[in-house]
Amino acid sequence: MSQNWGKMRKLPKTITEKELLKVVKATKSKKYKLAFMLGFYQCLRVSEVVKLLPEHVDKERGYLHLLQAKGAKDRDVPIAPPVLKGLKHLPISCSVRTLQRQIKELAKKVLGKDIHFHTLRHSGATFCLNILKLDIRHVQFMLGHSRITTTEIY
């Protein structure tokens, strides 16, 4: 008796907030610290992190304005309290490849895990849903997903 489960998707690899903070603590560069925290707490893609400029920060309203993210869409994301102080270190001023290499090397050294920058985004989404108990529609908006089914994997 076989069942058709449709398109089965593997759960993304994630790290915990505690693991993120270990990596951040081991990071010497304030810009890399901020980049990793933006990836996790703001659920940003690496390309969004490197494009983020000081003028995209609206502290009065409490939002980051992301321009031309994936799918050429703009979106406003509420600023997570843990990243607020670090925003003074914008712009990150490095390449996508540099950030990818940095997180990979540091996570291997500090956590003994093989992760990618996108793992921070997956981890942040999981953290928002399972720890902070945010509504899935809110997380969908934060991630910039057009379909809720994309967000439901978390």
Side-chain angles (χ1 to χ4, degrees), residues 11-111 113-146 148 150-151 153-154:
L11 285 176
K13 189 186 294 188
T14 61
I15 62 170
T16 65
E17 181 185 33
K18 190 175 181 179
E19 289 173 315
L20 166 78
L21 295 174
K22 280 183 185 178
V23 171
V24 167
K25 188 175 181 184
T27 306
K28 290 180 176 66
S29 164
K30 289 182 171 140
K31 290 182 183 273
Y32 294 156
K33 287 177 192 273
L34 174 61
F36 301 158
M37 291 178 73
L38 286 166
F40 185 94
Y41 290 111
Q42 301 297 153
C43 304
L44 299 187
R45 296 174 180 94
V46 66
S47 59
E48 294 167 341
V49 170
V50 297
K51 289 180 189 174
L52 199 59
L53 300 172
E55 54 267 28
H56 299 151
V57 178
D58 185 343
K59 284 188 180 173
E60 272 183 38
R61 286 184 42 238
Y63 282 91
L64 295 177
H65 188 61
L66 303 174
L67 300 171
Q68 298 295 293
K70 188 175 177 181
K73 294 182 278 188
D74 292 354
R75 72 182 193 277
D76 287 334
V77 179
I79 299 172
V83 302
L84 195 55
K85 277 192 345 193
L87 292 172
K88 64 185 171 206
H89 299 294
L90 287 175
I92 299 297
S93 303
C94 72
S95 70
V96 163
R97 187 69 198 112
T98 298
L99 281 182
Q100 290 169 329
R101 191 174 51 247
Q102 288 298 316
I103 192 64
K104 196 165 184 60
E105 288 173 7
L106 280 159
K108 191 65 143 176
K109 183 175 137 189
V110 176
L111 306 175
K113 291 187 174 188
D114 182 24
I115 69 166
H116 301 90
F117 197 94
H118 209 73
T119 305
L120 299 176
R121 178 173 160 87
H122 291 311
S123 302
T126 302
F127 175 77
C128 287
L129 288 167
N130 300 329
I131 305 300
L132 299 181
K133 304 291 187 199
L134 296 181
D135 179 75
I136 194 162
R137 294 278 179 196
H138 179 79
V139 177
Q140 174 191 8
F141 175 76
M142 274 182 64
L143 293 165
H145 291 161
S146 50
I148 193 73
T150 310
T151 311
I153 192 165
Y154 301 108

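When reading the values below, keep in mind they use all heavy atoms of this one structure, side chains included, and skip hydrogens, waters and symmetry mates. All residue numbers refer to positions in the sequence shown, counting from 1.
- Here the side chain of K31 pairs a donor or acceptor atom with the backbone of H89 at under 3.5 angstrom.
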Output, in order, the C-alpha distance, side-chain angles, deciding distance and verdict of side-chain contact (heavy atoms from CB on, under 4.5 Å) for L64 and V57. CA-CA 5 Å; L64 295 177; V57 178; 3.7 Å; yes
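- Checked by atom type and distance alone, the side chain of Q42 pairs as donor or acceptor with a backbone atom of P78 at under 3.5 Å.
- Residue K33 comes nearest to V24 through the heavy atom pair NZ-O, 2.8 Å, listed as atom of the first residue, atom of the second, then distance.
- Across C43 and G124, no two heavy atoms sit closer than the pair SG-C, 3.5 Å.
- Taking the side chain as every heavy atom from C-beta outward, L99 and C94 approach each other to under 4.5 Å.
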Open item on the list: Walk me through whether V96 and V49 qualify under side-chain contact (heavy atoms from CB on, under 4.5 Å).
Closed with: CA-CA 8 Å; V96 163; V49 170; over 6 Å; no
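- To the nearest 0.5 Å, atoms CG (L120) and CD1 (I15) are separated by 5.5 Å.
- Not a single side chain to side chain donor-acceptor pair (under 3.5 Å) links K22 to another residue, sequence neighbours left out.
- Interatomic distance, NZ of K28 versus CD of Q102, reported as 10.5 Å (0.5 Å rounding).
- Using a 4.5 Å cut-off on side-chain heavy atoms (C-beta onward), L53 and L90 make no contact.
- Taken to the nearest 0.5 Å, the CD atom of E17 stands 11.0 Å off from the OG atom of S123.
- Annotation for E48 and R75: closest pair OE2-NH1, 2.8 Å, computed over non-hydrogen atoms.
- Ring geometry for F36 versus F117: interplanar angle of 30 to 60°, hence tilted.
- Rounding to the nearest 0.5 Å places NE2 of H56 at 10.0 Å from NZ of K51.
- Inter-residue side-chain proximity for I103 and V46 is flagged as unmet; no heavy-atom pair is nearer than 4.5 Å.
- The pair K104-D114 meets the salt-bridge criterion, since a charged nitrogen lies less than 4.0 angstrom from a carboxylate oxygen.
- For the residue pair T98 and S95, the shortest heavy atom distance occurs at OG1-OG, 2.9 Å.
- Side-chain contact between L52 and I92 is absent, with no heavy atoms from C-beta onward closer than 4.5 Å.
- Closest approach of I115 to A107, counting heavy atoms only: CG1-CB, 3.4 Å.
- A 4.5 Å side-chain heavy-atom check between K113 and E19 finds at least one atom pair inside the cut-off.
- Side-chain contact between L87 and L38 is present, with heavy atoms from C-beta onward closer than 4.5 Å.
- Taking the six-membered ring where tryptophan is involved, the planes of F127 and F40 are tilted, since the angle between them lies from 30° to 60°.
- With a 4.5 Å cut-off on side-chain heavy atoms, L111 and L106 do not count as touching.
- Between H118 and H122, the ring planes lie perpendicular to each other; the angle is over 60°, past the 30° to 60° tilted range.
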